[in-house]
Peer 1: 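Once you've had a glance at the structure underneath, I'll fire off some questions.
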Protein chains: 2
Amino acid sequence: MQKKIPTKETFEFFKKHDHDVCFGDAMMEIEKHCHKKNLQFTPLRRRVFEYLLRDHKPLGAYEILDLLREDGLASTPPIAYRVLDFLMKEGFVHKIQGLNAFVACSHPGSSHSPAFMICRKCEKVAELDEKISGINLGKSIPSDFSVEETVVEMRGICTSCMALS
Amino acid sequence: MQKKIPTKETFEFFKKHDHDVCFGDAMMEIEKHCHKKNLQFTPLRRRVFEYLLRDHKPLGAYEILDLLREDGLASTPPIAYRVLDFLMKEGFVHKIQGLNAFVACSHPGSSHSPAFMICRKCEKVAELDEKISGINLGKSIPSDFSVEETVVEMRGICTSCMALS
DNA sequence: CTATTGATGTTATAATATAACATTGAGATA
DNA sequence: TATCTCAATGTTATATTATAACATCAATAG
């Protein structure tokens, strides 16, 4: 059992937030999830998830491999892709299609069609869930198509980076 | 000058539509556009655009290169990517991020944040404009991010393919 | 005519991702 | 204990997607 942690608002990621809480929260969630589903949250999986949680910047598979190599771990492509597949399948990591990169999920558990805001300057990413974004694609589409999965990505610039220019 | 062609509804692409009209319409548009902007709609660019217009299936860059090779034309990667860049820049082709593939735009001219419905079975793609989709991301996002570009893709199954199962 | 420019052509390589198979280690079971 | 099984990890090779850098060519502006 862990202490209750205040809900964070996703779109605050571009501002300051308590990242230690954020990090610990996510770790706790994935541990709980894996325990419940009898899945192995192995050192390798933990390590990769840590890289992704460090800040809200997406990492490419080969960046992850570089980090693994620095840490003296195995670092051939399948290693990274397999771990990422696992983390994505369990809903703790998303792929950012527009960047060929991977980012830790900010709302694990909440059933989602995530939407991402990607800052083109700092490259950080914020994830919006449907309630915040007001986006719900499934409901807005024509009747001759049945949606199974959605990708929503917005490129732009975040307030912090805007302030710097 | 050309005869006025009836507006097509984008989401009818998964059903039957008059593809000759559709094709001719698009060709006319791009010719007009290039003439107006004093851009060269060269044989190579025309050929690639034709491949993309043939049906509403997205083509990968290397598929386009195969078609060029079959047609006895130059077919090294930069050829395809350059033409695709041109067609995308002018708004007549979009990239489908989830497929690493390219598709002819269905609403050239209409200022858009396109949304795509991609059938996982027949692999055809329909493009929705904001009015039809009811999607308008720019308006729904938090105030600490300024959207410059959006990617919206829906994977699923179209009526035609649904009917076959 | 020659200089510039945009388009195309060519060679090489970078970046991203997967297939196929080998090894290991931690339970389950005989 | 022995060994079976299975998921995870490790390894080798290769497929797929994309770009960098530079060469050529043809139209046209000066």
Side-chain angles (χ1 to χ4, degrees), chain A residues 30-31 33-52 58-90 92-103 123 151 153, chain B residues 30-31 33-52 57-69 71-90 92-103 123 151 153:
Chain A
I30 195 169
E31 273 165 9
H33 173 90
C34 289
H35 186 260
K36 210 169 356 190
K37 289 190 64 180
N38 223 334
L39 299 168
Q40 302 179 50
F41 191 48
T42 62
L44 179 61
R45 289 170 175 176
R46 171 183 296 272
R47 187 64 64 103
V48 171
F49 193 48
E50 282 168 359
Y51 298 151
L52 292 169
L59 296 175
Y62 284 74
E63 291 179 276
I64 288 169
L65 288 168
D66 289 343
L67 293 168
L68 288 170
R69 191 169 311 111
E70 281 171 26
D71 287 347
L73 301 171
S75 54
T76 56
I79 296 283
Y81 285 104
R82 277 191 302 230
V83 171
L84 290 167
D85 283 348
F86 171 85
L87 295 170
M88 285 194 287
K89 184 150 164 258
E90 300 308 320
F92 289 86
V93 164
H94 297 293
K95 179 167 187 181
I96 304 295
Q97 297 289 345
L99 298 174
N100 293 321
F102 304 84
V103 73
E123 299 226 294
V151 173
E153 298 178 6
Chain B
I30 195 169
E31 273 165 9
H33 173 89
C34 289
H35 185 260
K36 208 170 358 191
K37 289 191 65 180
N38 223 335
L39 300 168
Q40 304 178 50
F41 190 47
T42 63
L44 178 62
R45 288 168 177 177
R46 172 184 295 272
R47 187 65 65 102
V48 171
F49 193 48
E50 282 168 359
Y51 299 151
L52 292 170
K57 209 179 284 180
L59 297 175
Y62 284 76
E63 291 180 276
I64 288 168
L65 288 168
D66 289 344
L67 293 168
L68 288 169
R69 191 170 311 111
D71 286 348
L73 301 171
S75 54
T76 56
I79 295 282
Y81 285 104
R82 277 190 302 228
V83 171
L84 290 167
D85 283 348
F86 171 84
L87 295 171
M88 285 193 288
K89 185 150 163 259
E90 300 307 320
F92 289 87
V93 164
H94 296 294
K95 179 167 187 181
I96 305 294
Q97 296 289 345
L99 298 175
N100 293 320
F102 303 86
V103 73
E123 299 226 296
V151 174
E153 298 178 7

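Because only heavy atoms are used, hydrogens play no part in the values below, and waters and symmetry mates are left out as well, while side chains stay in. The chains referred to below are lettered A, B, ... by the order of the sequence lines, with proteins before strands, and numbering in each begins at 1.
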Peer 1: Strictly under 4.0 angstrom, non-hydrogen atoms only: write out the protein contact profile of nucleotides 24-29 of chain C, one letter per nucleotide from the 5' end, B, S or -.
Peer 2: ------
Peer 1: Any chance you could list the contact pattern along nucleotides 13-24 of chain D? Use B for base contacts, S for sugar-phosphate-only contacts and - for none, protein heavy atoms under 4.0 Å, 5' to 3'.
Peer 2: ----BBBB----
Peer 1: What is the separation between atom CD1 on I79(A) and atom C1' on dC21(C), rounded to the nearest whole Å?
Peer 2: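 Checked: the CD1 to C1' distance equals 14 Å.
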Peer 1: Measure from CZ on F41(B) to C1' on dG6(C) and round the result to the nearest Å.
Peer 2: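 Rounded to whole Å, this separation is 17 Å.
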Peer 1: Could you tell me which non-hydrogen atom of A101(B) sits nearest to which non-hydrogen atom of P58(B), and how far apart they are?
Peer 2: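 For A101(B) versus P58(B), the nearest heavy atoms are CB-CB, 3.7 Å.
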Peer 1: Start with the C-alpha distance between F102(B) and M88(B), add both sets of side-chain angles, then the distance that settles side chain to side chain contact (heavy atoms under 4.5 Å, CB included), and finish with yes or no.
Peer 2: CA-CA 9 Å; F102(B) 303 86; M88(B) 285 193 288; 3.7 Å; yes
Peer 1: Please walk me through it: do V48(A) and I79(A) pass side chain to side chain contact (heavy atoms under 4.5 Å, CB included)?
Peer 2: CA-CA 10 Å; V48(A) 171; I79(A) 296 283; over 6 Å; no
Peer 1: Round to the nearest Å and state the distance from R69(A) atom CZ to dG10(D) atom C1'.
Peer 2: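 Between C1' of dG10(D) and CZ of R69(A): 14 Å.
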Peer 1: Mind calculating the distance between CG (D66(A)) and C1' (dA15(C)) to the nearest angstrom?
Peer 2: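 About 12 Å, once rounded to whole Å.
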Peer 1: Are V83(A) and F86(A) close enough that some pair of their side-chain heavy atoms sits under 4.5 Å apart?
Peer 2: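 Side chain of V83(A) against side chain of F86(A), heavy atoms only: no contact under 4.5 Å found.
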Peer 1: Spell out protein contact along nucleotides 25-30 of chain D as letters: B when the base is contacted, S when just the sugar-phosphate is, - when no protein heavy atom is under 4.0 Å; keep the 5' to 3' order.
Peer 2: ------
Peer 1: Please report the distance, rounded to the nearest Å, between CG in L39(B) and P in dG6(C).
Peer 2: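 Between P of dG6(C) and CG of L39(B): 11 Å.
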Peer 1: Flag the pair Q97(A) / V151(B) as yes when at least one side-chain heavy-atom distance between them is below 4.5 Å, and no otherwise.
Peer 2: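 No, side chains not in contact.
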Peer 1: Provide, to the nearest angstrom, the distance between the CG atom belonging to L44(A) and the C1' atom belonging to dA8(D).
Peer 2: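 In whole Å, dA8(D) C1' lies 9 Å from L44(A) CG.
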Peer 1: Give the rounded distance in Å between these two atoms: CG of L65(B) and C1' of dT8(C).
Peer 2: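 In whole Å, dT8(C) C1' lies 14 Å from L65(B) CG.
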Peer 1: What is the distance from CD1 of I64(A) to C1' of dT16(C), rounded to the nearest Å?
Peer 2: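 The answer, rounded to whole Å, is 13 Å.
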